[in-house]
2 protein chains.
Amino acid sequence: MNRRPGIKDVAASAGVSIKTVSRVVNAEEAVHPETRARVLHAIQQLGYVPNTAARSLKSGTGGAIGVVIDSLADPFFAALVSAIETRALNEGLSVLVASSSLDPDREREQLLSLVAGHQVAGVIFAPVASEHPYLAPYRTTTPVVAVDRSRAGYDSVVVDDRGAAALAVQQLVDLGHERIAFFDRDERFSTIHRRLSGYLDVLQGAGIEFDPELVSSTVDGDLDYLGEARRLLGLANPATAFFASNAKAAIGLTTALHRIHRQDTAMIAFGDFSFADVLRPGVSCIDQDPFLIGNAAIERLLALREESSGEPREWIVPTALLQRGSGEITGPLAGGSATAPAPASAASTSAAVPAASTPAAVPAASAASTHPAPSARLAEGDVA
Amino acid sequence: MNRRPGIKDVAASAGVSIKTVSRVVNAEEAVHPETRARVLHAIQQLGYVPNTAARSLKSGTGGAIGVVIDSLADPFFAALVSAIETRALNEGLSVLVASSSLDPDREREQLLSLVAGHQVAGVIFAPVASEHPYLAPYRTTTPVVAVDRSRAGYDSVVVDDRGAAALAVQQLVDLGHERIAFFDRDERFSTIHRRLSGYLDVLQGAGIEFDPELVSSTVDGDLDYLGEARRLLGLANPATAFFASNAKAAIGLTTALHRIHRQDTAMIAFGDFSFADVLRPGVSCIDQDPFLIGNAAIERLLALREESSGEPREWIVPTALLQRGSGEITGPLAGGSATAPAPASAASTSAAVPAASTPAAVPAASAASTHPAPSARLAEGDVA
DNA sequence: ACTCGCGGCGACAACGTTGTCAAGCAGTCG
DNA sequence: CGACTGCTTGACAACGTTGTCGCCGCGAGT
């Protein structure tokens, strides 16, 4: 009925000054144990909870971190945010989520709202625009980490797209395929562009001539999966295998292939998806574990709060190739990311960052145990 | 380099008092158009963004709403939060997410942090504990809406579990099945208990005797799907059809059935999941659209901010039964929730709330267009 | 001419917390 | 015995914003 208890009420109840209460709440040293006990008792009794708004008004930086991702409806990003939230809770931080919908204007609006409006203690974002000059005034006080897509000037947590894609395509080549379709090239995403590079790397290495007809392209937004699948299989020299450049494409393609009863083709997907191991034939996947990535990102952000280190750099999170050969069903994790941190990826792309991926992987591993395994993602507690 | 611009800087730059700037920012009436223009210009030039912390300190209630759900790694809840976030953005509100991990203590911690600490403008939560007495002091100022699981004393947005389950089981009965397994009874969830009621309703209505052996039970946490599937199919009088009480069970069961090559059984699942229409045979699903539910919840919350209406009540969101008969593959939405809002559900359970589900469905429908269709959930932009 | 009303605007306090500074108080050392 | 030290505590300002109140000037009514 009365208004919510404030620090003053606690102080009065404990017979001390508000400053002493503040000291107790913030676990400062110089408080007599007996006084501390009295204060804690009063806090308990009144159900006092410190006011975050006043705190961040005073300190200039608040008790939440901001996360801006494409969409929470995307399970990859949802899982990523989940990992972030779990870790943030340990630090006593809350998570403000905002989605960009891949719209640079909305991205700007959301970022400014978080950084300037809510004065978040840090930001993790999946960048959309190529530059974010409006963040400049805040970067001295607010650490920022890019995730999933790297940006110059920001610490970026990404996977080795090019290397992992190469690993996958190599696998198809090793199986004897020479007509490998690159399914769904979407120019909007730099990640996909890098995966295409990996694809081309392997073709060149194997002496296979690149055929542009084997590339499906999303122009802006939608692709007719069924039509594209028919086209690729109907070429004079048809595709015999598919490299699906992202999970969305993989799902669309799988559905299309099932619909036209062409399950005689090989396929590897970038991005794991549930049921990849139930389908016939099983679809091998490059698993980019969102929990690993999310953990690495927040770990990086927390480190940045301590000491805003020198040059921003790219932090590469290992991927795993989940083998699901014809008919044979392998366990979802088959050893897990710990045993299969894509060593071959080092063979292809840019900076391998040993000092980076190792410490990042340690806390990530602990989080993995509290979360569903990647391929069991959809399976978690969806009793809703 | 300088500190971030405050209202004072804007006032100085525009040659007015800070109060006038405040008036302009808050779109109050009594400001001369010319003055307003000057102020807006200054705001623009300085890149001023109002400080949320100060605002909520003054007003006692902040610019964010809190959402507490089981886990963001669960796609159902992730999509639900996504719907909430989209709508909240329209109102100029941010979203603070927190997960309960189904732990009542953690739920309490998270709720208090949001309500008392962050002074959110409202809370939407999937309740875990059966009671939340600690929320009482805040309920006069902070509206609260329960979602997915209903709680007395709170406006609750749920689906008609009992009715929808009955609809599904009836379908199996109509196909001639008499040995229908209830797969995964989990006592922790009241939703599942209600679904079991629907199951029993139909059996009784059809004159089929209930056989406890046909019920699989999760004791606490894990269930051996493969073992249970074998048991049910190995009974003296074996199961010929399955009602999967939730998406997790459906996925586990599907995987198990595929693994032992028993795709000759019928199955209907509560909760849609991607690939339900690709599997052979197709799995019919009761689709509880998280976007619909999320929209209804935030709509309810916003309404509660206006006028804290009288009695809290239950708001029932319609479900759709997605038919995916044997072999025949139906389009994922096949008309969508608009055309199949489970009319039969009215035949079974508690309060049908016409005034409720109708206005809730209107804004929900608009959001559905900006989001992927339910069954395409996994398919959205997962290019990460 | 004097007053009244009103549109436009500003001075000031207050929100709940923490940082700064200094005071009180005992024990210790010279 | 006085000064000094270290520990504990409190008074007060400040963070950026909005609510309250009142001032100013102008046109209309008396």
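Below, each value reflects all heavy atoms present in this structure, side chains not excepted, and no hydrogens, waters or symmetry copies. Within every chain, numbering begins at 1; the chains are lettered A, B, ... in the order of the sequence lines, protein sequences first and strands thereafter.
Taking atom CG of residue B/N51 and atom P of nucleotide D/dT18, one finds them 9 Å apart after rounding to whole Å. When the C1' atom of C/dG7 is taken as reference, atom CD of B/E28 falls 14 Å away, rounded to whole Å. The nearest whole Å value for the distance from the CD atom in A/E29 to the P atom in D/dT8 is 9 Å. The NZ-P distance, from A/K8 to C/dT18, rounds to 13 Å in whole Å. Going from atom CD1 of A/I18 over to atom P of D/dG10 covers 10 Å, rounded to whole Å.
Here the side chains of B/R149 and B/V158 are not in contact, with every heavy-atom distance at 4.5 Å or above. Looking at B/R4 and A/Q119, their side chains come closer than 4.5 Å, going by heavy atoms from C-beta outward. Here the side chains of B/L46 and B/S13 are in contact, with some heavy-atom distance below 4.5 Å. Looking at heavy atoms from C-beta onward, A/L135 lies in side-chain contact with A/V115 at the 4.5 angstrom threshold.
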Legend entry - Verdict with supporting geometry, A/I84 and A/E299, side-chain contact (heavy atoms from CB on, under 4.5 Å): CA-CA 9 Å; A/I84 292 171; A/E299 218 61 57; over 6 Å; no
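Residues of residues 52-63 of chain B that place a heavy atom closer than 4.0 Å to DNA chain C, in numerical order, are B/L57, B/K58. Listed by residue number, the members of residues 30-47 of chain A with any heavy atom below 4.0 angstrom from DNA chain C form an empty set.
Around the CZ atom of A/R108, the shell of radius 6.0 Å holds no more than 12 heavy atoms that belong to other residues, nucleotides or ligands. Counting non-hydrogen atoms of neighbouring residues, nucleotides and ligands closer than 6.0 angstrom, the NE2 atom of A/H41 reaches no more than 12 such neighbours.
Distances shown here put every side-chain N or O of B/T20 at or beyond 4.0 Å from the OP1 or OP2 atom of C/dC9. The side chain of B/N26 places an N or O atom within less than 4.0 Å of a non-bridging phosphate oxygen (OP1 or OP2) of D/dT18. Distances shown here put every side-chain N or O of A/S17 at or beyond 4.0 Å from the OP1 or OP2 atom of D/dT9. In terms of phosphate contacts, A/S22 brings a side-chain nitrogen or oxygen within less than 4.0 Å of OP1 or OP2 of C/dT18.
Among the candidates B/L80, B/V81, B/V67, the single residue satisfying the side chain to side chain contact (heavy atoms under 4.5 Å, CB included) test with B/L72 is B/V81. A/L40 pairs in a side chain to side chain contact (heavy atoms under 4.5 Å, CB included) with only one of the listed residues (A/T35, A/V10, A/V21, A/V24), which is A/V24. Paired with A/I65 under the rule side chain to side chain contact (heavy atoms under 4.5 Å, CB included), one option of A/I298, A/L96, A/T142 passes, and it is A/I298.
Relative to the axis of its first five pairs, the axis of the last five pairs of the helix from C/dA1-D/dT30 to C/dG30-D/dC1 sits at 60°, rounded to 10 degrees.
A donor atom on one side chain and an acceptor atom on the other are not found under 3.5 Å apart for B/E314 and B/S156.
Mapping B/V21 and B/Q119 onto DNA chain C by nearest heavy atom places B/V21 closer to the 5' end of the strand.
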Name every donor-acceptor pair, under 3.5 Å, that has one atom in a side chain of residues 123-131 of chain B and the other anywhere in the protein, sequence neighbours excluded.
none

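Annotation for B/L93 and B/A121: closest pair CD2-CB, 4.4 Å, computed over non-hydrogen atoms.
Judged by atom type and distance alone, A/K19 reaches the base of C/dG19 through a side-chain donor-acceptor pair under 3.5 Å. Side-chain atoms of B/R23 and base atoms of C/dG10 include a donor and an acceptor less than 3.5 Å apart.
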Anything under 3.5 Å between a protein N or O and an N or O of nucleotides 23-25 of chain C, put it in a table, one pair a line.
none

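Checked against salt bridge (Lys or Arg N to Asp or Glu O under 4.0 Å), A/R106 has the following partners two or more places apart in sequence or in another chain: B/E85.
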